[in-house]
Amino acid sequence: MCQLTDRGLECRIDGTSNKEAVEKADVVVISVPYEAGLELIECLRPVLKNQIVISLVVPMKKNKWFEYTPPEEGCAALRIQRMLPGVKVVSAYHNLSYRKLCNLDLEIDADVVICSDDNDAKQVVMDLTREIHSVRPLDGGPLKESRMIESLTPFLINMAIRNGLSDLGVKFV
Ligand SMILES: NC(=O)c1ccc[n+]([C@@H]2O[C@H](COP(=O)([O-])OP(=O)(O)OC[C@H]3O[C@@H](n4cnc5c(N)ncnc54)[C@H](OP(=O)(O)O)[C@@H]3O)[C@@H](O)[C@H]2O)c1
């Protein structure tokens, strides 16, 4: 559980069920593979009401290379918003490698594009993102723009493989 205070982000780790955690939370992060994420959201629907829901989910499959496989809504974030009418869905962190986030001393030096149809919720997530060392949040516009950042993820993974690189991110200059 994390709280944004005057002293910055303060975190504590507790164990509980997904439902109970969501009931107590102001901000919920959906960080599971796409299909599992939809099942999880379906289960959590009764307790998802006033929270901000951050999706970093990327629907993709691997044939020879990774391929973006958006749902008919256009992107995962819009699909999730359709499942959760009235909930403030924010799309972020799709292009940030977990390996980089795990290393708290690392200069990540990357941008995080954040999209939402709810500007207040987007600001909350931009403020939270500023708490991550050396990451810059950028307003990416409405939720439908999430398609752009979601589709970048398989492209970055393919480019990393092609060029013998790893954990590529995005920086706008
Ligand atoms: N990896 C990255 O660097 C990265 C970066 C940006 C965005 N993303 C996106 O973030 C999401 C998660 O990626 P990931 O690499 O963290 O995936 P992952 O390691 O395969 O899965 C993350 C967690 O999701 C849960 N999970 C997996 N399959 C499940 C299922 N069928 N039912 C219920 N829970 C399940 C598991 O939780 P338990 O351990 O509790 O079982 C697992 O620890 C994906 O949509 C991905 O596109 C990933």
Side-chain angles (χ1 to χ4, degrees), residues 1-2 13-22 24-25 27-48 52-63 65-84 87 89-116 122 125-126 128-129 131-138 140 143 145-172:
M1 195 166 289
C2 294
I13 296 177
D14 290 321
T16 185
S17 68
N18 281 335
K19 273 192 177 162
E20 202 181 326
V22 166
K24 288 184 188 162
V27 179
V28 176
V29 182
I30 304 293
S31 176
V32 295
Y34 176 64
E35 295 295 342
L38 298 186
E39 285 171 29
L40 181 67
I41 289 165
E42 193 57 44
C43 292
L44 295 175
R45 203 143 54 150
V47 286
L48 280 168
I52 292 170
V53 172
I54 303 177
S55 167
L56 50 83
V57 173
V58 179
M60 60 182 179
K61 66 176 182 194
K62 188 176 184 222
N63 288 323
W65 299 97
F66 285 91
E67 194 182 319
Y68 183 51
T69 53
E72 63 178 25
E73 288 82 356
C75 62
L78 284 177
R79 171 72 185 263
I80 292 169
Q81 183 67 83
R82 190 167 145 190
M83 293 175 77
L84 300 171
V87 172
V89 176
V90 179
S91 190
Y93 310 125
H94 303 78
N95 311 137
L96 208 51
S97 158
Y98 83 97
R99 273 191 285 264
K100 286 189 170 168
L101 280 174
C102 284
N103 184 349
L104 299 181
D105 298 323
L106 190 71
E107 277 288 318
I108 297 178
D109 193 25
D111 290 330
V112 170
V113 181
I114 301 177
C115 304
S116 181
K122 196 194 295 177
V125 179
M126 290 184 77
L128 285 171
T129 304
E131 295 292 319
I132 305 174
H133 175 61
S134 70
V135 162
R136 180 177 64 166
L138 292 176
L143 210 53
E145 303 293 1
S146 181
R147 182 184 170 87
M148 304 295 289
I149 52 171
E150 289 177 20
S151 63
L152 263 183
T153 298
F155 174 72
L156 289 173
I157 297 171
N158 291 338
M159 208 161 60
I161 296 168
R162 285 189 168 104
N163 293 278
L165 301 167
S166 62
D167 304 321
L168 292 180
V170 168
K171 176 114 182 133
F172 294 88

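Order of appearance sets the numbers: ligands from 1, and atoms from 1 within every ligand.
Atom 43 (O) of ligand 1 lies below 4.0 Å from none of the non-hydrogen atoms of the protein. In this structure, atom 14 (P) of ligand 1 has its sub-4.0 angstrom surroundings free of protein heavy atoms. Within the 4.0 angstrom cut-off, atom 21 (O) of ligand 1 has one or more protein heavy-atom neighbours. When distances from atom 36 (C) of ligand 1 to the protein are checked, no heavy atom turns up under 4.0 Å. For atom 32 (N) of ligand 1, a protein non-hydrogen atom is found at a distance below 4.0 Å. Contact annotation for atom 47 (O) of ligand 1: protein present (non-hydrogen atoms, distance under 4.0 Å). Atom 39 (O) of ligand 1 is never approached by the protein to below 4.0 angstrom, counting heavy atoms only. Note that atom 8 (N) of ligand 1 has protein non-hydrogen atoms nearby, at separations under 4.0 angstrom.
Residues I132 and Y93 have side chains in contact (heavy-atom distance under 4.5 Å, counting atoms from C-beta outward). Looking only at side-chain heavy atoms (C-beta outward), K171 and D109 come within less than 4.5 Å of each other. Using a 4.5 Å cut-off on side-chain heavy atoms (C-beta onward), S91 and I114 make no contact. Taking 4.5 Å as the limit, every side-chain heavy atom of L56 sits out of range of all side-chain heavy atoms of I30. Residues V28 and L48 form a side-chain contact, since some pair of their non-hydrogen atoms from C-beta on lies under 4.5 Å apart.
Residue contacts with ligand 1: Y93 is placed with no nitrogen or oxygen under 3.5 Å of a nitrogen or oxygen of the ligand (distance criterion only).
Among all protein heavy atoms, the one lying closest to atom 26 (N) of ligand 1 is P33 CD, 3.9 Å. The nearest protein atom to atom 45 (O) of ligand 1, hydrogens excluded, is given as V32 O, 3.0 Å; this is a heavy-atom distance. Looking only at heavy atoms of the protein, atom 1 (N) of ligand 1 is closest to Y98 CD2, 3.4 Å. Summary of contacts: the protein heavy atom closest to atom 29 (C) of ligand 1 is A36 CB, 3.5 Å.
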(request) Begin from the C-alpha positions of R136 and D111 and carry the test salt bridge (charged side-chain N to carboxylate O under 4.0 Å, His left out) through to its verdict. (result) CA-CA 5 Å; R136 180 177 64 166; D111 290 330; 2.7 Å; yes
(request) Dump the intermediate steps for salt bridge (charged side-chain N to carboxylate O under 4.0 Å, His left out) on R82 and E72, then the final yes or no. (result) CA-CA 11 Å; R82 190 167 145 190; E72 63 178 25; 3.4 Å; yes
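Atom CH2 in W65 sits 12.0 Å away from atom CE in M159 (nearest 0.5 Å).
Closest to atom 6 (C) of ligand 1 by heavy atom, among H94, M60, E150, E39, is H94.
Within 6.0 Å of the CZ atom in F155, the count of heavy atoms belonging to other residues, nucleotides or ligands does not exceed 12.
Taking a cut-off of under 4.0 Å to the non-hydrogen atoms of S97, the atoms of ligand 1 that pass are 3 (O). Close approach of ligand 1 to L96 (heavy-atom distance below 4.0 Å) involves ligand atoms 3 (O), 5 (C), 6 (C). Residue-ligand proximity, V58 to ligand 1, at heavy-atom distances under 4.0 Å covers atoms 45 (O), 47 (O). For ligand 1 and V57, the ligand atoms under 4.0 Å from any heavy atom of the residue are 45 (O).
Look at E42 and R45 and you find a salt bridge, because one of the NZ, NE, NH1 or NH2 atoms lies within 4.0 Å of a carboxylate O, short of that distance.
Side-chain polar atoms of T153 and N95 form a donor-acceptor pair below 3.5 angstrom. Y34 and T69 form no side-chain donor-acceptor contact under 3.5 Å, judged by distance and modelled atom types alone.
In this structure, L56 is part of the shell of residues with a heavy atom less than 4.0 angstrom from ligand 1.
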